[in-house]
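Have a look at the structure below before the remarks.
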Amino acid sequence: MTRPVSPASPVAPAARDSFASHASGTSGRALKAVLAGSAAALLLGLAAPHATADSGPAARPAPPAPSAPSDAARGAAHDAAEAPKTLDTLSRFFAREGAVTKAAAEPRVAGDKAVPVYYLSPDFVAGKKDAPVARMEFLASKAVSSDGQEASLWSVRQEGSWRIVNIATGDDETHYARVGGDKLPGGTVFHEPQINGWYVTKGARVLPLDKDAVRAVGAEGTSTDAYRKRVQKAYGDKLPGSAYAKSGKAGGFAEEPAGTSAEAAGKSESASSSSDGAVTVASTVAGAGALVALGLSGAALVRRRSRSLG
């Protein structure tokens, strides 16, 4: 579902439209591969058991909050979203189905800073000590066309600067960041892509922000301990390096040929977080092959959404 810059026909209604800009290069192709296998990734979490609170004496301490990007990084990602080349690509994106012409699309980017987007962390699923529930995958900015269409611009740090690597329909990323901030001020909003669930967590609590999350943890939410047990049961045998991942089932296709990830990573910075908390493209798009095993890539399950909460 990653799309080329030129307009293309819409994908099936069950999928959220998205496409990568030329700036993503090899990373965009990796992102496309993950999107192609999103249907298989969805199956990983559909049967996840309902979590319940765990208040027993063996409950672990609350996990730490994930690292956050600096204001400078968020501002730089916003600037990338407002770059003339990005706006031109947005015009084509909004015009792809004929609802508005490219010349009349007049896209604008909302706000003045991109928002960090966090996804369920494989380290948390694996039960690693002091692992945050989620980790940052990319920064997102909301774009709006003259006829009211909305899109989300995904930015990652690549070759020393923030670049737009994907455009997706809708505004889930910025919408749930706002809803989660209102529901639990100071908390971390994160996505569990296997079930398309959005949550906010702070301290030892995890609260749902949409229907999919409510089905997973209940309307009142759950403890981080109970949430960990749920995701460990659902995904613990599908982590990177597992037999499931090595079998090529993760994401619906086999592992990348040797050198593919290295080539992509060679065009990006380290997979670790930078000093300002910004995730580099190696840990998001170029590193998608490793994340597919758990279905935790930022590209997984980007769907058209209906909201009943928030």
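Computation of the quantities below employed the complete heavy-atom set of this structure, encompassing side-chain atoms and omitting hydrogens, waters and symmetry-equivalent molecules. Keep in mind that what you see is a predicted model, and the values were worked out from it rather than measured.
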| Passes side chain to side chain contact (heavy atoms under 4.5 Å, CB included), Thr201 versus Tyr227? Steps please. | CA-CA 11 Å; Thr201 183; Tyr227 183 72; over 6 Å; no

| task | With side chain to side chain contact (heavy atoms under 4.5 Å, CB included) as the test, would you mind laying out the steps for Tyr176 and Val200 before giving the verdict? | result | CA-CA 9 Å; Tyr176 287 113; Val200 60; over 6 Å; no

| said: Assess the residue pair Asp123 and Ser121 against the criterion (side chain to side chain donor-acceptor pair (under 3.5 Å)); give the C-alpha distance rounded to whole Å, side-chain angles, the decisive distance to 0.1 Å, and a yes or no. | reply: CA-CA 5 Å; Asp123 288 344; Ser121 169; 4.5 Å; no

| salt bridge (Lys or Arg N to Asp or Glu O under 4.0 Å) between Lys229 and Asp225: does it pass, once the steps are laid out? | CA-CA 6 Å; Lys229 291 175 181 178; Asp225 242 20; 5.2 Å; no

| query | Do Leu139 and Arg157 pass the side chain to side chain contact (heavy atoms under 4.5 Å, CB included) test, and can you show the C-alpha distance, the side-chain angles, and the key distance before you say yes or no? | reply | CA-CA 9 Å; Leu139 295 177; Arg157 189 172 175 82; over 6 Å; no

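Between Ser155 and His78 the shortest side-chain heavy-atom distance does not fall below 4.5 Å. For the pair Pro63/Pro132, no side-chain contact is recorded, criterion being any heavy-atom separation below 4.5 Å from C-beta on. In this structure, Leu209 and Val189 have side chains that are in contact, with non-hydrogen atoms separated by less than 4.5 Å. Two residues are said to be in side-chain contact when any heavy atoms from C-beta on lie closer than 4.5 Å; Glu137 and Val117 fail this criterion. In this structure the side chain of Glu192 never reaches within 4.5 angstrom of the side chain of Val206, judged on heavy atoms. Taking the side chain as every heavy atom from C-beta outward, Glu97 and Gln149 never approach each other to under 4.5 Å. Considering only heavy atoms from C-beta on, Leu87 comes within 4.5 Å of Val109 through its side chain. Between Arg74 and Pro116, the closest side-chain pair of non-hydrogen atoms falls below 4.5 Å.
Ring planes of Tyr119 and His191: perpendicular class, angle over 60° (limits at 30 and 60°).
For the ring pair (Phe, Tyr, Trp, His ring centres under 6.0 Å) test with Phe190, the passing option among Trp198, Tyr199, Tyr118 is Tyr199; the others fail. Applying the side chain to side chain contact (heavy atoms under 4.5 Å, CB included) test between Glu150 and each of Thr169, Thr174, Asp171 identifies Asp171 as the sole match.
The distance from atom OG of Ser145 to atom NZ of Lys102, rounded to the nearest 0.5 Å, is 14.0 Å. Separation of atoms NZ (Lys85) and CD1 (Ile164) is listed at 11.5 Å; rounding is to 0.5 Å. Of the inter-residue distances, the one linking Ser70 atom OG with Lys113 atom NZ reads 10.0 Å to the nearest 0.5 angstrom. Expressed to the nearest 0.5 Å, how far CZ of Arg96 lies from CD1 of Ile167 amounts to 9.5 Å. The distance from atom CG of Asn196 to atom CG of Asp210, rounded to the nearest 0.5 Å, is 6.5 Å. The distance from the CD atom of Gln194 to the CG atom of Asp212 is 12.0 Å, given to the nearest 0.5 Å.
The heavy-atom pair separating Ala62 from Ala204 by the smallest distance is CB-N, 3.7 Å. Nearest heavy-atom pair, Pro107 versus Ser91, reported as atom, atom and distance to 0.1 Å: CD-OG, 3.3 Å. Closest non-hydrogen pair, Glu220 versus Leu207, comes out as O-CD2, 3.6 Å. Phe93 approaches Ala151 most closely through the heavy-atom pair CE2-CB, 3.8 Å. Pro208 and Ala219 get closest at one heavy-atom pair: CG-O, 3.7 Å. The nearest pair of heavy atoms linking Ile195 to Tyr235 is CG2-OH, 3.9 Å.
With hydrophobic clusters built from ILVMFWY side chains whose heavy atoms lie under 4.5 angstrom apart, Val144 does not share a cluster with Leu90.
Listed for the Ser146 side chain is a donor-acceptor partner under 3.5 Å among the backbone atoms of Ala104. Under the 3.5 Å distance criterion, the side-chain polar atoms of Thr86 are matched with a main-chain donor or acceptor of Ala80.
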